[in-house]
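Here is the structure we will look at, set down as structure tokens.
Owing to the predicted nature of the structure, the values given are computational and were not obtained by experimental measurement. Labels below follow one simple rule: chain letters A, B, ... track the order of the sequence lines, proteins then strands, and each chain is numbered from 1.
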There are 2 protein chains.
Amino acid sequence: MKIATWNVNSIRSRLEHATNWLQANPDVDLLCVQETKVVDEQFPLAAFTDIDYVVDFYGQKSYNGVALIAKAPLENVRRGFAGVLPAADVGDLDAQKRVISAEIQGIQVVNVYVPNGSAIGSEKYEYKLAWLKLLKQYLTALLQENPDLLICGDFNIALEDIDLHNPEKRAKHIMSSDVEREALQDVLALGLQDAFRKFNQEPGQYSWWDYRAGSFPRDKGWRIDHHYLTPNLYDRAVGCVIDKAPRELTKPSDHTPVIVEL
Amino acid sequence: MKIATWNVNSIRSRLEHATNWLQANPDVDLLCVQETKVVDEQFPLAAFTDIDYVVDFYGQKSYNGVALIAKAPLENVRRGFAGVLPAADVGDLDAQKRVISAEIQGIQVVNVYVPNGSAIGSEKYEYKLAWLKLLKQYLTALLQENPDLLICGDFNIALEDIDLHNPEKRAKHIMSSDVEREALQDVLALGLQDAFRKFNQEPGQYSWWDYRAGSFPRDKGWRIDHHYLTPNLYDRAVGCVIDKAPRELTKPSDHTPVIVEL
DNA sequence: GAGTAGTTGG
DNA sequence: CCAACTACTC
């Protein structure tokens, strides 16, 4: 089974790219997308049902938004933290639509769009840290139901220095500060391992390149889109690759897909 | 010699359409464009020089803007009314960039983007009428230098009932009210005749279709883009046609080119 | 640099 | 409907 993650930076702007990619990759069973930037009523559903995919979405106007695009119906689809966690714990952290989960072939899949955090120490940075804390609580609850869990998405965090092109500046940069890394490590301490690094220990492996300053042609990227797996699944994993091709197209997303095979 | 007029509704948005059209119509010596919507420093000049055209432009940010795109350098290029008319007469009517003129093969060519006028009786409607009054003064001055004059462009006026699809509503509609028609007739009284009607007396000949309400597929158009000629040139004219093809393209201008042959 | 939204203008 | 602008976010 193949599961992919792709921050599309607007599902409407990237509709052709997304459907073309699915058709070029017919062995992908589930594509988890982030930053759909559209309310559910306006999600471009027909483009996917026309090519025989089913879609579950959880979106909002302009910002954020996640969706699951699959070859067959998914089970137990849950939108946001509510429904899994008590409302008192969730607070207003569901106001931004950043998490959707479902089960596929007995595996619990969680698709996340972790907050960017803007700048270290900012109000958005604190939001990012609070969101990750709640994510850990959410995963803890799901793991009690199903020990085989895969969480993928845009984490907006490069965990290791080999995951970014300019590690010398990493301590003061959003997405690579110690506090963010520790917050993510705290989530992963539930027993989650990075699928990509099971197969590839090389630096220079990126999933996101800023639109600005010719980052892509200069390959000044970051690996911030991940698949993390519980032990059983990590053992089962047979491959994990970054597909740079969609980032080469005209009017691309700034992210490119990452695909894990189980 | 062939001279064309085309309101491109943003030269930057229509750059491909414009260069493709020039290459598909290599016998057009001069293309007069309107609504370039760009300041001169940002005019996409290279796209035209690369295919061996010379360009003179007179533009502003967001609105209006006119340009002359020619196979060979033009003579005596004049931007705006100033330089031809006394500043006291021009007032602030050059603040909007709507007129550029030049000489080609001994012919005085004037390229205009007449104000739309918004709604009958509005402030913009009064501006349109004042602008047309000044245009007459401008043409009077140019005619003293050269009796062979061609004025073309987007006039935002349909002079006769056969020039619009819904003449029954024409009296209360901007672009076809009596006052506007009289204002334009007063300009034409200098001795200018409509090149298109020398060759074609049929109704249903349009150069503009509103983007809204499916006007183009329903052919609910207006003929508001014209070539007016002084007597010598009118006698010399051998044809005048509307080329609907560019309006069929994806992301078209709402106007399509009109070409006169002399 | 590239999305979305809202506004103005046609 | 389409294009420009401003303001916002990433």
Side-chain angles (χ1 to χ4, degrees), chain A residues 7-15 17 33-39 42 59-65 96 98 113-119 122-125 127-128 154-157 173-175 208-218 220 222 224-225 247 249-255, chain B residues 7-15 17 34-39 42 59-65 96 98 113-119 122-125 127-128 154-157 173-175 208-218 220-222 224-225 247 249-255:
Chain A
N7 179 323
V8 292
N9 188 16
S10 168
I11 191 67
R12 287 178 293 183
S13 290
R14 229 65 61 202
L15 194 51
H17 287 3
V33 296
Q34 303 89 37
E35 283 207 88
T36 55
K37 296 187 175 181
V38 67
V39 292
Q42 289 169 243
Q60 66 182 91
K61 191 162 85 168
S62 296
Y63 305 115
N64 316 311
Q96 299 182 12
R98 295 177 175 278
Y113 174 48
V114 176
N116 171 278
S118 190
S122 68
E123 207 170 286
K124 287 178 178 135
Y125 186 76
Y127 185 91
K128 182 179 194 170
D154 175 1
F155 284 79
N156 270 313
I157 294 173
H173 199 294
I174 191 70
M175 300 194 293
W208 173 75
W209 298 259
D210 196 307
Y211 283 124
R212 290 163 283 192
S215 299
F216 186 66
R218 297 172 175 194
K220 295 186 178 293
W222 293 62
I224 57 178
D225 300 275
R247 183 64 238 238
L249 302 172
T250 48
K251 289 262 161 197
S253 167
D254 43 352
H255 297 251
Chain B
N7 179 324
V8 291
N9 188 15
S10 168
I11 191 68
R12 288 177 292 182
S13 291
R14 230 63 63 200
L15 194 51
H17 287 4
Q34 303 89 36
E35 283 207 87
T36 55
K37 296 187 177 182
V38 66
V39 291
Q42 289 170 243
Q60 66 182 92
K61 190 164 85 170
S62 297
Y63 305 116
N64 315 311
Q96 298 181 13
R98 295 178 175 277
Y113 174 50
V114 176
N116 171 279
S118 190
S122 68
E123 209 170 283
K124 289 182 177 128
Y125 185 78
Y127 185 91
K128 183 179 193 170
D154 175 2
F155 285 78
N156 271 313
I157 294 174
H173 199 294
I174 192 69
M175 301 192 293
W208 173 75
W209 298 260
D210 198 308
Y211 283 125
R212 289 163 285 193
S215 299
F216 186 66
R218 297 171 174 194
K220 295 183 177 296
W222 293 61
I224 57 178
D225 301 274
R247 182 65 239 235
L249 301 172
T250 48
K251 289 264 161 194
S253 169
D254 43 352
H255 296 252

If we check side chain to side chain donor-acceptor pair (under 3.5 Å) with A:Asn7, which of these qualifies: A:Asp154, A:Asp254, A:Thr36?
A:Asp154
Interatomic distance, [X] [atom1] vs [N] [atom2] [rounded to whole Å]:
{"X": "B:Leu249", "N": "D:dC1", "atom1": "CG", "atom2": "P", "result": "19 Å"}
{"X": "B:Gln60", "N": "D:dC5", "atom1": "CD", "atom2": "P", "result": "11 Å"}
{"X": "B:Trp208", "N": "D:dC2", "atom1": "CH2", "atom2": "P", "result": "14 Å"}
{"X": "B:Asp210", "N": "D:dC1", "atom1": "CG", "atom2": "P", "result": "11 Å"}
{"X": "B:Lys61", "N": "D:dA3", "atom1": "NZ", "atom2": "C1'", "result": "14 Å"}

Pairs under 3.5 angstrom, nitrogen or oxygen only, protein versus nucleotides 7-10 of chain D, please.
none

Give, for atom [atom1] of [X] and atom [atom2] of [Y], the distance between the pair rounded to the nearest 0.5 Å.
{"X": "A:Asp225", "Y": "A:His255", "atom1": "CG", "atom2": "NE2", "result": "5.5 Å"}
{"X": "A:Arg98", "Y": "A:Gln60", "atom1": "CZ", "atom2": "CD", "result": "7.5 Å"}
{"X": "B:Ser118", "Y": "B:Asn156", "atom1": "OG", "atom2": "CG", "result": "11.0 Å"}

Would you say B:His17's side chain and B:Lys251's backbone share a donor-acceptor pair under 3.5 angstrom?
yes
Short question: side chain of B:Arg14, backbone of B:Asn9 - any donor-acceptor pair under 3.5 Å?
yes
Whichever of A:Lys251 and B:Asn9 has its nearest DNA chain C nucleotide further upstream toward 5'
A:Lys251
Leading and trailing nucleotides of DNA chain C with any atom under 4.0 Å from heavy atoms of chain B
C:dG9 to C:dG10
Going by the rule salt bridge (Lys or Arg N to Asp or Glu O under 4.0 Å), which residues pair with B:Arg212 if we only count those two or more places apart in sequence or in a different chain?
B:Asp210
Check: A:Tyr63/A:Gln96 side-chain N/O donor and acceptor closer than 3.5 Å
no
